[in-house]
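The block underneath contains the structure these notes are about, expressed in structure tokens.
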Amino acid sequence: MENFPKWTASDIPSQRGSSAIVTGTGGLGYETALELAKNGAEVIVAGRDKAKGAEAVKKILNSVASANIRFEELDLASLASVQAFGERMNNERQSLDLLINNAGVMTPPTRKTTKDGFELQFGTNYLGHFALTAHLMPLLRKGKNPRVVHLSSIAHRSGVIHFDDLQFEGRYKAMGAYSQSKIAMIMFALELQRRSDASGWGLLSIPVHPGISRTDLLVNGAGPNSSAGIARRLLGPILFQPAAQGALPTLFAATSPSAKGGTYYGPGGFSEIRGLPKPAKIAPQGLDNAVASQLWEVSKQLTHVDFDKIASMNS
């Protein structure tokens with residue numbers, strides 16, 4: 001992709017008249033919400049921590065006085081919270097143009113579970129967003145050229161869908177569970193695009209990753225005194241790109257007329273660690289359509305959300 005054009009935040013087209021929901025209140029989510037608001041979009045920042053959400057909105061308003069932005073409570077580790085959020089949005093809104101499935105949990109050292117008993121990373125990073133997207137499909141289908149952007153990671157390269165132990169109940173491996181959640185996000189994005197094309201849902205579904213970026217995700221997962229946390233402090237300024245740059249693949253996928261559904265975008269530098277957005281490489285196991293279809297069906301059962309039925313309702 002040598003000839004892929006250089007793209008930065010200054011290339012974001014006007015978002016006036018468009019609406020977006022961004023999950024996650026800090027790091028990449030904050031930077032994404034800031035740029036969308038700066039360019040005129042109506043933005044809802046969705047997260048579980050009201051104080052952090054209020055602080056994010058306040059900071060964005062301080063930076064962009066005219067921003068049309070607010071916080072809404074959403075706990076992706078609770079299917080009841082996801083459903084309640086979806087019901088609120090469907091009751092108060094007529095449409096939605098953009099959903100950014102950004103929020104995530106990374107490598108807690110011991111196995112933790114969501115309120116519904118799922119392994120925390122698989123349940124939050126993937127299943128919560130699967131259910132959220134389903135609940136918002138009626139609004140997205142009424143949106144203008146609607147897009148769903150799904151955050152994955154370079155960690156997906158070692159990811160495998162463990163159908164025999166999706167919740168890592170047998171032997172918990174923090175990075176193994178994280179990698180599974182992130183390859184699941186790519187498979188979800190690609191399967192959603194295939195089903196949209198086949199059923200006429202009218203979506204662009206786009207997976208992205210931020211390379212290695214300076215956010216609190218790593219530290220919040222493993223802890224500041226873990227090897228990951230120490231590495232973050234010592235090596236972060238050298239290896240990690242700023243969160244604002246890490247958000248560029250998301251913003252490209254969300255706003256660029258050139259972004260294509262079912263194409264994976266990430267930083268274009270060495271090993272996709274840093275750099276400006278370019279098409280990225282999906283690990284071979286992430287392109288297995290049969291596994292993606294099976295994951296879709298299993299996800300419907302686990303979340304008790306009939307995605308296809310909701311999405312196919314009259315828009």
Side-chain angles (χ1 to χ4, degrees), residues 15 17-23 32 36 41-44 46 74 76 79 82-83 85-102 125-152 183-208 250-265 279 282 286-315:
Q15 298 299 297
S18 71
S19 57
I21 291 174
V22 181
T23 66
T32 301
L36 291 173
E42 175 204 356
V43 182
I44 294 172
L74 167 67
L76 288 160
L79 292 178
V82 173
Q83 181 176 349
F85 176 87
E87 288 174 353
R88 288 202 310 278
M89 293 299 102
N90 277 285
N91 285 336
E92 68 181 53
R93 302 191 60 81
Q94 297 300 312
S95 64
L96 177 66
D97 304 313
L98 180 60
L99 171 61
I100 311 282
N101 287 329
N102 165 83
N125 300 353
Y126 169 62
L127 288 173
H129 281 123
F130 178 91
L132 175 67
T133 307
H135 287 304
L136 296 177
M137 280 297 289
L139 293 174
L140 285 163
R141 290 200 60 196
K142 293 175 186 172
K144 293 179 310 210
N145 304 311
R147 303 186 188 195
V148 184
V149 180
H150 314 254
L151 268 286
S152 185
I183 199 164
M185 285 298 276
I186 289 180
M187 291 182 151
F188 173 35
L190 301 184
E191 185 69 10
L192 178 56
Q193 188 63 65
R194 283 190 288 269
R195 292 183 183 236
S196 176
D197 292 345
S199 302
W201 296 340
L203 291 180
L204 287 186
S205 176
I206 308 175
V208 300
T250 298
L251 289 162
F252 175 84
T255 68
S256 173
S258 302
K260 294 180 171 60
T263 298
Y264 185 41
Y265 296 99
I282 299 174
L287 298 170
D288 190 322
N289 292 1
V291 171
S293 181
Q294 183 181 353
L295 178 63
W296 182 281
E297 294 305 323
V298 169
S299 303
K300 285 164 58 177
Q301 294 166 18
L302 290 173
T303 59
H304 307 293
V305 173
D306 193 333
F307 198 117
D308 308 81
K309 182 177 179 182
I310 297 171
S312 298
M313 289 177 180
N314 291 332
S315 59

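Small disclaimer: the values here were computed from a predicted structure and weren't measured.
Contact check for Ser152 versus Val208: no side-chain heavy atoms found under the 4.5 Å cut-off. Using a 4.5 Å heavy-atom threshold, the side chains of Leu74 and Leu132 count as touching. Side chains of His129 and Met185 form a contact here, defined as non-hydrogen atoms less than 4.5 Å apart. Leu98 has its side chain out of reach of Ile21: every pair of non-hydrogen atoms, C-beta onward, lies at least 4.5 Å apart.
A donor-acceptor pair is defined here as one N or O able to donate and one able to accept, closer than 3.5 Å; such a pair exists between the side chain of Ser196 and the backbone of Gly202. Side-chain atoms of Lys144 never come within 3.5 Å of backbone atoms of Leu96 as a donor-acceptor pair (strictly under, hydrogens ignored). Side-chain N or O atoms of Asn102 include none that pairs as donor or acceptor with a backbone N or O of Val22 at under 3.5 Å. Distance alone, capped at 3.5 Å, is enough to place a donor-acceptor pair between the Ser256 side chain and the Ser258 backbone. A donor-acceptor pair is defined here as one N or O able to donate and one able to accept, closer than 3.5 Å; such a pair exists between the side chain of Gln193 and the backbone of Leu203. Between the side chain of Ser312 and the main chain of Lys309, no donor-acceptor pair closer than 3.5 Å is present.
If you check the side chains of Ser19 and Asp97, you find a donor sitting under 3.5 Å from an acceptor.
Between Phe307 and Phe130, the two ring planes are tilted [angle within 30° to 60°].
Nearest heavy atom pair, residue Leu204 against residue Gly261, reads CD2-N, 3.7 Å. Scanning both residues, Gly286 and Ile186, for their nearest heavy atoms gives O-CG2, 4.4 Å. Ser18 approaches Gln15 most closely through the heavy-atom pair OG-O, 2.6 Å. The two atoms that bring Leu140 and Arg147 nearest to each other are CD2-O, 4.2 Å, heavy atoms only. Smallest separation of non-hydrogen atoms from Arg194 and Asn289: NH1-OD1, 3.1 Å. The two atoms that bring Ile206 and Lys260 nearest to each other are CG1-O, 3.8 Å, heavy atoms only.
The CH2 atom of Trp296 sits 6.5 Å away from atom CD of Glu191, with the distance rounded to the nearest 0.5 Å. For the atom pair CG (Leu151) and OG1 (Thr23), the distance works out to 7.5 Å, reported to the nearest 0.5 Å. For the atom pair CD of Gln83 and NE2 of His304, the computed distance is 11.0 Å after rounding to the nearest 0.5 Å. How far CD of Gln94 is from CE of Met89: 13.0 Å, rounded to the nearest 0.5 Å.
Sorted by first and then second residue, the salt bridge (charged side-chain N to carboxylate O under 4.0 Å, His left out) pairs with a member in residues 293-302 read Arg195-Glu297, Glu297-Lys300, Lys300-Asp306, Lys300-Asp308; sequence neighbours excluded.
More than 12 heavy-atom neighbours from other residues, nucleotides or ligands sit within 6.0 angstrom of CD on Glu92. Atom CG of Asp197 has more than 12 heavy atoms from other residues, nucleotides or ligands within 6.0 Å.
Remark: of the listed residues Asn101, Ile100, Thr255, Ile100 is the sole one forming a side-chain contact (heavy atoms from CB on, under 4.5 Å) with Thr250.
Remark: Phe252 engages Phe4, Trp7, Tyr265 in a ring pair (Phe, Tyr, Trp, His ring centres under 6.0 Å) (not counting sequence neighbours).
A centroid separation of less than 6.0 Å is found between the aromatic rings of His150 and Phe188.
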CA sep, side-chain torsions, deciding dist, call: Leu36, Leu251, side-chain contact (heavy atoms from CB on, under 4.5 Å):
CA-CA 8 Å; Leu36 291 173; Leu251 289 162; 4.1 Å; yes
What verdict does the side-chain contact (heavy atoms from CB on, under 4.5 Å) test give for Leu99 and Val149, after you've listed the backbone C-alpha separation in whole Å, the side-chain angles of each residue and the deciding distance to 0.1 Å?
CA-CA 6 Å; Leu99 171 61; Val149 180; over 6 Å; no
Might you work through the side-chain contact (heavy atoms from CB on, under 4.5 Å) test for Ile282 and Ile183, ending with a clear yes or no?
CA-CA 9 Å; Ile282 299 174; Ile183 199 164; over 6 Å; no
side-chain contact (heavy atoms from CB on, under 4.5 Å) between Tyr264 and Leu190: does it pass, once the steps are laid out?
CA-CA 9 Å; Tyr264 185 41; Leu190 301 184; over 6 Å; no
